[in-house]
Amino acid sequence: MDFFMSNQKTDLRLLDGKYCPPADVDSEVCQVPEVQIFDALKPAILVENNLNLKDIQFPKLERVGIIERVIFNNNSELISTKPEFCERFKKSLKWEFDELLIDKNSCQEFRDFQFAENPKINDLGGLRNLSSIACMNINIWDNSKMKFWNLLKLKTIKYPKNVYTNKNLKIFAFDLDPEFCINSKEMEFFMSNRKLDLDYLDGKYCQLSELDSEVCLIPEVQCKHFLGNLEIGPEFSDFSILKNVEVILGNLIIDGTQLETFEFFENLKFVASLDKSKPPILVENNMNLKDIQFPKLENLTSTNPNSTKFEIYISSESPEFCITIEEMEMLLKIENSDIDHIFGKYCKPEFSETLCKKPEEKCTGYFGDLTISKYSDLNNLEFLEIIYGSLTIKETNFKNLNFLKNLKFVAQMDHKPAIIIQDNPNLVNATFPSLKVIIEFLNLRN
């Protein structure tokens, strides 16, 4: 338990059990007469009837485990009447607790936007003028007659006060009317404000009764927002009409074309699919494809319930097909992307101060397969962020891999492990503190 508490926030509310009595009690562990059971009805900390109490801080307290409830009740008048004690206690902690009460007054802001269990309404029309909300999640469920949201005037969505995170906005929308649909402007708003998790959204896009000049169902030159699945196949010929498209509310499918590049999608920013069976972008059977870049793509999202990742499939039979360093970097930085299905080779790069084939100071990108041995100079490796190839750490005396503290991505396209760590008898910690994505897989043999 000590290990779980010291490493990351642990949610134990569904754990049924008790603490084991220690077999050998050392100087740092003391045993109370009774074994403590995980009691979901009791707060983790209860402070009450201390009439002289002047401060409620625990100087080094970081976490409250299991049931994250803290209650101060019937203490001194100072504690009860001074609101700054709420903020003082919260700032001393490193986690978000379930409940903090001081004399029955909650110290928390409401963190979710929720509208549930109302069988009479068909939209949120009472909030039609709502322009700004601050929340962690949006929960709209069990409203059996709800067909629309009608939140067309929303302009900003923020995190709650004193919440510092980059977590995705989760939208829960289920058990609504079978005809429930989302307005295209609502989805565009959500995508432009926060990264989205739509795994629990059941719905479709509303068909617009009056299409304005920026929204279209059929590609047109002036079209900025495309509603529906945009399918580009061998019969598609006029790609100039797609140059202004910024948002695709549906799937983008590029299949069986003679295209060499996607340069006509020069302004595409968002793709949001409500199709639970397909990836947001599917590119296949394009034999002449040489370049896969969508220069301004910022956000992909999908309601696929089986995966939290966005799968990107890219292959080409053309011997000239290659992926540039810039294209791979763009794909690596797409949130939750799964790019293990990219088959090809790298285009020959232009080396610079930041892209090198030998680790150097200020070099953040390495091109080629990097092998580190006990004879390697580790001084310049701390700058590395991306390896366009594989990483092998072999036959060293290293105890840890702290010299690669900034490494974020390892992307190689050969059919072999992306990372091999082998024959390092002293290695105790194989953690890469900043690593986010590897293409292919990791092989550890020590």
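Index from 1, following the sequence. All values derive from a computational prediction rather than experimental measurement.
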Q | Evaluation steps, side-chain hydrogen bond (donor to acceptor under 3.5 Å, both in side chains), between N267 and E246 | A | CA-CA 5 Å; N267 289 302; E246 297 178 4; 6.0 Å; no
Q: Take L249 and I182, measure what side chain to side chain contact (heavy atoms under 4.5 Å, CB included) needs, and give me the verdict at the end.
A: CA-CA 10 Å; L249 299 167; I182 301 170; over 6 Å; no
Q: Could you check F115 against N143 for side chain to side chain contact (heavy atoms under 4.5 Å, CB included), going step by step and ending with a plain yes or no?
A: CA-CA 8 Å; F115 201 99; N143 304 297; 4.0 Å; yes
Q: Carefully, step by step, assess M191 and V247 under the rule side chain to side chain contact (heavy atoms under 4.5 Å, CB included).
A: CA-CA 10 Å; M191 291 199 71; V247 180; 5.7 Å; no
Q | Verdict with reasoning, E186 to L152, per side chain to side chain contact (heavy atoms under 4.5 Å, CB included) | A | CA-CA 6 Å; E186 291 170 337; L152 300 180; 3.9 Å; yes
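Note that CG of N402 is 11.0 Å distant from CD of E382, once rounded to the nearest 0.5 Å. Here the straight-line distance linking atom CZ of F398 with atom CD1 of I393 works out to 7.5 Å at 0.5 Å rounding. Going from atom NZ of K357 over to atom SG of C363 covers 12.0 Å, rounded to the nearest 0.5 Å. K436 contributes atom NZ, which lies 10.0 Å from atom CD1 of I386 (distance to the nearest 0.5 angstrom). One finds the CG atom of L370 at 10.5 Å from the CD1 atom of I419 (value rounded to the nearest 0.5 Å). With values rounded to the nearest 0.5 angstrom, I372 atom CD1 is found 12.5 Å from I420 atom CD1.
Here the closest non-hydrogen pair linking K243 and E266 is O-CG, 3.6 Å. Contact detail for L282 and E284: the closest heavy-atom pair is CD2-OE2, 3.6 Å. Looking at every heavy atom in both residues, P234 comes nearest to D255 through CD-O, 3.5 Å. Taking each heavy atom of F113 and C135 in turn, the nearest pair found is N-CB, 3.6 Å. Taking every heavy atom of both residues into account, I323 and M413 meet most closely at CD1-SD, 3.8 Å. The minimum heavy-atom distance linking P349 with L355 is given by the pair CB-CD2, 3.8 Å.
Between the side chain of N139 and the backbone N or O of F172, no donor-acceptor pair lies under 3.5 Å. Using modelled atom types, no side-chain atom of N251 and backbone atom of N229 make a donor-acceptor pair closer than 3.5 Å. A side-chain donor-acceptor contact under 3.5 Å links N286 to the backbone of I254. The backbone N or O of L259 lies less than 3.5 Å from no partner atom in the side chain of N288, so there is not a single donor-acceptor pair.
Taking the side chain as every heavy atom from C-beta outward, K408 and F432 never approach each other to under 4.5 Å. Counting heavy atoms from C-beta on, the side chains of L435 and L404 never come closer than 4.5 Å. Looking at heavy atoms from C-beta onward, N380 lies out of side-chain contact with Y366 at the 4.5 angstrom threshold. Proximity of T371 to D369: side-chain heavy atoms (C-beta onward) are nowhere separated by under 4.5 Å. Annotation: side chain of L151 is not in contact with side chain of F189 (no heavy-atom distance under 4.5 Å). In this structure the side chain of L427 reaches within 4.5 angstrom of the side chain of L401, judged on heavy atoms. Put simply, the side chain of I232 reaches to within 4.5 Å of the side chain of L242, judged on heavy atoms. With a 4.5 Å cut-off on side-chain heavy atoms, F180 and D202 do not count as touching.
Using cut-offs of 30° and 60° for the angle between ring planes, the Y346 and F367 rings count as perpendicular. Using a 30° and 60° split on the angle between ring planes, F294 and F262 fall in the parallel class, below 30°.
For CD1 of I218, the number of neighbouring non-hydrogen atoms (other residues, nucleotides, ligands) closer than 6.0 Å is 12 at most. Other residues, nucleotides and ligands contribute more than 12 heavy atoms inside 6.0 Å of the CD atom of E360.
With hydrogens and angles left out, the side-chain atoms of D377 and N379 include a donor and acceptor closer than 3.5 Å. Using modelled atom types and a 3.5 Å distance limit, the side chains of T364 and T354 yield no donor-acceptor pair. One side chain, T431 or N429, offers a donor N or O that lies under 3.5 Å from an acceptor on the other. No side-chain donor from either of N406 and S434 sits under 3.5 Å from a side-chain acceptor of the other.
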